[in-house]
Each structure stands twice: as C-alpha cells, then as structure tokens.
Amino acid sequence: MGAFLSLLNQSFPPKSTFDVRDIPDLTGKVVIVTGANTGIGKETVKALLQHNAKVYLAARDQVKGETAIQELKFSTGNEAIFLKLDLGNLKAIKAAAEEFLSKETRLDVLVNNAGVMFSPIEDLTADGYDLQFGTNVLGHHYFTKLLLPTLISTAKTSSDGKARVVTVSSSAHMVGSLEFGTFQDTPARKNITTYMLYAQSKYGNVVFALELDRRCKSEGIVSISLNPGNIQSDLQRNMGSISRSLLGTMLYDTAHGALTQLYAATSPAAAELGGQYLLPWARIGLSRKDAHDPKLGQVLWEWCEEQVKDV
C-alpha cells in the first residue's frame, strides 16, 4: 500500500512552486546535460542557456545534437556546445570525458539525464550489458567517475563550496530489485520483462546517487536523484500503440519534466539536498527504503568499478 500511495503522489503532483524564472544567473557555470538533444534534456539545456550557463549538450547522434543546438540558439540567443557521448559504449564514454577535459578545467553541474526505456530484450550495449542497465546505470557511473576529480576541484573554488551531480531516476524504481545476474546477457536476464529491466535500472540510479553522496559529500559533491514525472517524450517509442495511448492521458509536457532537475541543478536551496530524492515538481520525497542500504550501495559501486577498470 505504501508503494502504491507513493506512486500516486508522484504521478499526480500539485502545482509547482518552482519556476524556471527562479533560476539564478549562471554566468561562469559549466554544465553537462546527457541525452540533451531531445525531450527533457533539451528543455533543461534551454533553461540553462537562458540563464547564461556554459552548457555541453551531450548526445550520441551528432546530427541531431547539432540540430538541437541551432534550435536552442534561435530560441535563447545562446549556444550550447556539442559533446559526442554514447553511454552504451564504455570506450566512447572515455573519449567523451577526455574531449570535455581537453577544453574545460571546471564542471559545476553534471546532469545524468539520458536514458533508454523498454528497449527490446535482445538489445545490448557495445560491451554486452543489458542496454537499459548498461546505459542508464553503468554508463552514467563511468562518465561520472571520469569527471569526478574535476567536479571536486570545482567545488573547492565555488562560492558555496559545492558541485552537483543530478541523476534522473523514475517512479518505476519503486518496484523490482537489483538482480546482478541480469546486468549482462545471461539466461536469467531473458526471463525478465523489458519493463522490469527498466525498473531495475531506475532503482540502480537511486542506489548510485546515494552511494555517490556517501563517498563524496565531504568533498563538496551534492548528489541528488529524482523522478522527473510522467512526461511525453521519445522514451515511449518502444511502447506498444495501445500502451502509449493509455499512458498519453497521464503525461505532462517536457517543460514540466525539466523543472525538478533544473531545481536540483541550480537552486541555492538544493545545494543542501545531497542524498535526497526529489519528486515532481521540485519536491523532496522518499525513495524506496532499501535503496538506502549502504551495503547495497557499496556492492553496486564495486560492481561498476570492476566493469570499467580496464577500459
């Protein structure tokens, strides 16, 4: 019953008390938003540009990314910078981080926004991991790991002594569990539906964000996870037409979807919310209780570290 009430609370949020007009001036701030050529990510970049941040729009498809940059320049007057990032390929993630670090010496905010949802069960990453877990969790873990020294050094020079990592989860994290034997292409994985594999990845996002908070809070890292809300976006492309039609009656636009991560990324108040889980729209909420188990966080972190140690 508790999980059901939590899902209900997240699916039908009250009117937001936070507005993009509340974002402070971000002049001098450097931000990366992953999966930012479309949907919530693109809307997030738009608001950040409107408030003068230097924004790296990270996406896998360069043509789509550069098209989004031109559209955003037309609407905001400011221009994002394209960063080629394929979160389903560990070597490509390393190359993306190296490209960014060759240009910048600071990173104030990393928004781990990208994700895949309900992908066909046969879809794997370039390295043989379940596409949803490999992209949503392992990919973001590795990208964050590579950028962490720069985030920490930035925190030391920031006026508030903080740098932020915002990781986008979902209300779907409330169901299922972390089945480590399904993170790669195993027989056990093929016995789980793509819906549960998605939920598992979103659970992993919350566990990752909490473990990052435990490990790096003392170094000025503010790690927040969140549910952006039920949003109409390209994420639904793998759903059947009937499911999409039914879900469509409960979906909000991408402008609403960007609100909570913009709050987490920019609000002075959110600088004190490390380890929290936010609900739509920009509200402090509760993630599932077992996500806070430090032993689980350690095991997941060490598993991810083992996967990327030889990249």
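Heavy-atom basis, side chains included; hydrogens, waters and symmetry copies ignored.
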Original post:
If only atom types and distance count, is the side chain of His173 paired as donor or acceptor with the main-chain N or O of Val207 below 3.5 Å?
Top reply: no
Original post:
Under a 4.0 Å N-O cut-off, is there an ion pair linking Asp185 with Lys190?
Top reply: yes
Subject >> Over 12 non-hydrogen atoms of neighbours within 6.0 angstrom of NZ in Lys202 >> reply: yes
**OP:** Would you indicate whether Lys84, at its atom NZ, is surrounded by more than 12 heavy atoms from other residues, nucleotides or ligands within a distance under 6.0 Å?
**Re:** yes
Original post:
Is the Tyr252 ring parallel, tilted or perpendicular to the Trp281 ring (thresholds 30°, 60°)?
Top reply: perpendicular
Original post:
Is there a donor-acceptor pair closer than 3.5 Å between any side-chain N or O of Thr150 and the backbone N or O of Leu107?
Top reply: no
Original post:
Please walk me through it: do His51 and Thr266 pass side-chain hydrogen bond (donor to acceptor under 3.5 Å, both in side chains)?
Top reply: CA-CA 10 Å; His51 291 82; Thr266 69; over 6 Å; no
Subject >> Ring center gap for Tyr198 and Phe118 short of 6.0 angstrom >> reply: yes
**OP:** Return yes if a side-chain donor-acceptor contact under 3.5 Å exists between Asp22 and Tyr263, otherwise no.
**Re:** no
**OP:** Spell out, as yes or no, whether a donor-acceptor pair under 3.5 Å connects the side chain of Ser223 to the backbone of Ala209.
**Re:** yes
Subject >> For Ala47 against Val20, the heavy-atom pair lying closest together >> reply: CB-CG1, 4.2 Å
Original post:
Distance from Ile23 atom CD1 to Gln50 atom CD, nearest 0.5 Å?
Top reply: 8.0 Å
Original post:
What are the two closest non-hydrogen atoms of Leu48 and Val55, and how far apart are they?
Top reply: CB-CG2, 3.7 Å
Subject >> Nearest heavy-atom neighbours spanning Leu87 and Ala114 >> reply: CD1-CB, 3.5 Å
Original post:
Looking at Lys309 and Glu305, does any basic side-chain N land under 4.0 Å from a carboxylate oxygen?
Top reply: no
Original post:
Is Val175 close to Tyr195 at the side-chain level, that is, under 4.5 Å between some pair of heavy atoms?
Top reply: no
**OP:** For residues Ala126 and Asn89, report the shortest heavy-atom separation together with the two atoms involved.
**Re:** CB-ND2, 3.6 Å
**OP:** Using distance alone, with no hydrogens and no angle criterion, decide if Thr76 and Asn78 have a side-chain donor and acceptor under 3.5 Å apart.
**Re:** no
Subject >> Aromatic ring pairing Phe180/Trp303, orientation class (parallel under 30°, perpendicular over 60°, tilted between) >> reply: perpendicular
Subject >> Lys/Arg N to Asp/Glu carboxylate O, Lys295 vs Asp293, below 4.0 Å >> reply: no
Original post:
Under the 3.5 angstrom rule, does the side chain of Asn205 hit a backbone N or O of Asn136 as a donor-acceptor pair?
Top reply: yes
**OP:** Answer yes or no: is there an ion pair linking Glu272 with Lys162, defined by an N-O contact shorter than 4.0 Å?
**Re:** yes
Subject >> Separation between CD of Glu43 and NZ of Lys46, rounded to the nearest 0.5 Å >> reply: 5.0 Å
